[in-house]
Amino acid sequence: MAATTLSVDTGSPVETCSGDVTSPQGFRAAGIHCGLKKTKLDLALVLSDRPASAAGLFTQNKVKAAPVLHSQRVIATGSARAILCNSANANACTGDSGLRDAREMGSLAAEELGLVSSQVVVASTGVIGVPLDMGAIRSGIPRLVADLAPSGETAAQAIMTTDTYPKAAAVRFKVGEKEVVIGGIAKGVGMIQPNMATTLCFLTTDAAMAPALLQATLYQAIEGSFNRVTIDGDTSTNDCAILLANGASGVEIEADSDEYQSFVAALGSITVDLAKMLVRDAEGGTKVITLTVDGAKDDAEALRAAFTIANSPLVKTAFYGGQANWGRVLAAAGRAGVEMDESRSDILFNGVAVARGGLPVLENMAAAELELRKPEIEVQMSLAAGSGSATVWTSDLTEEYVRINGSYIS
């Protein structure tokens, strides 16, 4: 994979490279089939070979899965060594027995790894309201530990639900003669409009960082990436983003340093990459839509308008059909509850103006519909009410999305 660079204020380039959660020094991972799914991989483990600071963000859905409740307590300690995740079952809405199962998952992995249970983050994804098959988990964990290796490929596969391919990425940057690497894997292509978290995203780095600073930095990165993605407007019961920092590179990142600015840029780069991978693989999706709203009263109103447009079924189906139905975009913005001046609002599709001052640019419609046949579409809209702006990423809405979700638990 050819490397690309992202400029940062320090002049130190952040380089995007092929890799995953095991790309940073001192991390191993594994994924196996334990029997929760019929044949596909369904149990994953990520391990730091040395103590690590830990940060995490979790769903703000009032209905929280048992592993979320358990792992919030683990992350509150500021330290963790391992992440254990199953797919095919969310272990959500399972009551006290679900909490016991989540705790047991952590304890079983800790015992097999020679750790204490407070060092193991637990995550689950899949069908809600079904008891977890702990027999499969108990038999699988020893095999999972035995398979740990310096590759995260099988782990990325094992956390998938309706994803059609695994999502993994890595970035690196230099600090003097030393190199810092951040790696990650993610899953989720439906039930997605994350809120203060993501679908499932597991990140690792061989930099050292104090837990409080790591937490603040993760929040900043997720807020500008996964929290700007919507596929269907739904926030899962199981969303979590976990970041482990083990210091194996010998580089310690401190606030207000040049190294910190490079780290912020690198973490932001990898989370945006992973977030956009989810949109590209959206359930039934055929197009990735980058939607920017500017001219809002402030950034918060721009974001509110952008999400209202991005979640509109009428807007999303128009993009699927390749129709330059700009009126649906304008109408969605108009019901977002934000300030706007319709008489000065402009809308562009891939740079082609389809509306100026709230009125159609009829001579551009044929060119716009040619643009809407492309797999990547950029939508720009001005509200003409201020200087606020925001960008979100979404997908189109197709018959395949309905088919997938109409038969999800069967």
Side-chain angles (χ1 to χ4, degrees), residues 21 27 43-48 50-87 89-126 128-129 131-132 134 137-138 141 144-145 155 159 184-187 194-205 209-219 221-223 226-227 235-246:
V21 286
F27 287 95
L43 192 62
L45 180 65
V46 177
L47 175 69
S48 173
R50 54 192 287 164
S53 296
L57 294 170
F58 300 89
T59 183
Q60 294 300 297
N61 194 318
K62 296 294 184 183
V63 181
K64 291 180 172 60
V68 167
L69 297 173
H70 173 77
S71 294
Q72 283 178 317
R73 291 190 285 270
V74 173
I75 291 299
T77 70
S79 176
R81 288 274 304 275
I83 305 167
L84 175 67
C85 178
N86 72 272
S87 56
N89 188 310
N91 192 12
C93 304
T94 47
D96 291 341
S97 63
L99 285 169
R100 288 194 295 271
D101 290 343
R103 288 194 294 267
E104 185 181 356
M105 283 180 65
S107 297
L108 290 169
E111 182 178 358
E112 198 69 27
L113 292 165
L115 307 175
V116 296
S117 59
S118 62
Q119 294 177 303
V120 181
V121 174
V122 173
S124 300
T125 182
I128 293 171
L132 191 58
M134 287 304 295
I137 300 289
R138 293 184 192 108
I141 285 176
L144 186 65
V145 172
I159 66 175
I185 57 175
K187 62 78 55 181
N195 181 9
M196 296 293 292
T198 176
T199 50
L200 294 182
C201 179
F202 305 138
L203 299 158
T204 58
T205 181
M209 190 181 294
L213 183 59
L214 193 70
Q215 183 72 29
T217 307
L218 178 62
Y219 173 87
I222 296 300
E223 187 66 15
F226 287 97
N227 278 3
T235 295
S236 173
T237 56
N238 290 60
D239 288 349
C240 66
I242 308 298
L243 172 57
L244 303 182
N246 70 6

Handout entry: Minimum side-chain heavy-atom gap Asn61-Asn195 below 4.5 Å
Key = no

Handout entry: Validation row: Ser87, Thr125 side chains within 4.5 angstrom (heavy atoms)
Key = yes

Which atom pairs, donor and acceptor, lie under 3.5 Å between side-chain atoms of residues 77-84 and protein residues at least two apart or in another chain?
| from | atom 1 | to | atom 2 | distance (Å) |
| --- | --- | --- | --- | --- |
| Thr77 | OG1 | Val74 | O | 2.6 |
| Thr77 | OG1 | Ser79 | N | 3.4 |
| Thr77 | OG1 | Ser79 | O | 3.1 |
| Ser79 | OG | Ala52 | O | 3.3 |
| Arg81 | NE | Ser48 | O | 2.7 |
| Arg81 | NE | Arg50 | O | 3.2 |
| Arg81 | NH2 | Ser48 | O | 3.3 |

Rounded distance [0.5 Å steps], [atom1] in [X] versus [atom2] in [Y]:
X      : Y      : atom1 : atom2 : value
Leu218 : Ile222 : CG    : CD1   : 5.0 Å
Leu99  : His70  : CG    : NE2   : 10.0 Å
Thr205 : Leu244 : OG1   : CG    : 10.0 Å
Tyr219 : Asn227 : OH    : CG    : 7.5 Å

Please report the closest heavy-atom contact between [X] and [Y], naming both atoms and the distance.
X      : Y      : answer
Phe58  : Ile242 : CZ-CD1, 3.9 Å
Asp239 : Ala197 : CB-CB, 3.9 Å
Val122 : Ala102 : CG2-O, 3.8 Å
Asn86  : Met105 : OD1-CE, 3.6 Å
Ala186 : Phe226 : CB-CZ, 4.3 Å
Gln215 : Ile75  : OE1-CG2, 4.1 Å

Handout entry: Residues in side chain to side chain contact (heavy atoms under 4.5 Å, CB included) contact with Ala92, at least two apart in sequence or another chain
Key = Ala65, Ala90, Ile128, Thr237, Asn238

Practice task
With sequence neighbours excluded, tell me which residues meet side chain to side chain contact (heavy atoms under 4.5 Å, CB included) with Ala123.
Solution key: Cys85, Leu200, Phe202, Cys240

Practice task
Indicate yes or no for a side-chain donor-acceptor contact from Ser53 to the backbone of Ala210 under 3.5 Å, with no hydrogens or angles considered.
Solution key: no

Problem - Under 3.5 Å donor-acceptor, Asn89 side chain and Pro131 backbone - result: yes

Practice task
Could you pull out all residues at least two apart from Arg73 that satisfy salt bridge (Lys or Arg N to Asp or Glu O under 4.0 Å)?
Solution key: none

Exercise for the section: Sorted by first residue and then second, give each side-chain hydrogen bond (donor to acceptor under 3.5 Å, both in side chains) pair with at least one member in residues 90-99; sequence neighbours left out. Expected result: Asn91-Thr94

Exercise for the section: Sort and list the pairs that fulfil side-chain hydrogen bond (donor to acceptor under 3.5 Å, both in side chains) and have at least one residue in residues 99-117, not counting sequence neighbours. Expected result: Glu104-Arg138

Handout entry: Worked check of side-chain contact (heavy atoms from CB on, under 4.5 Å) between Met134 and Leu108
Key = CA-CA 11 Å; Met134 287 304 295; Leu108 290 169; 4.3 Å; yes

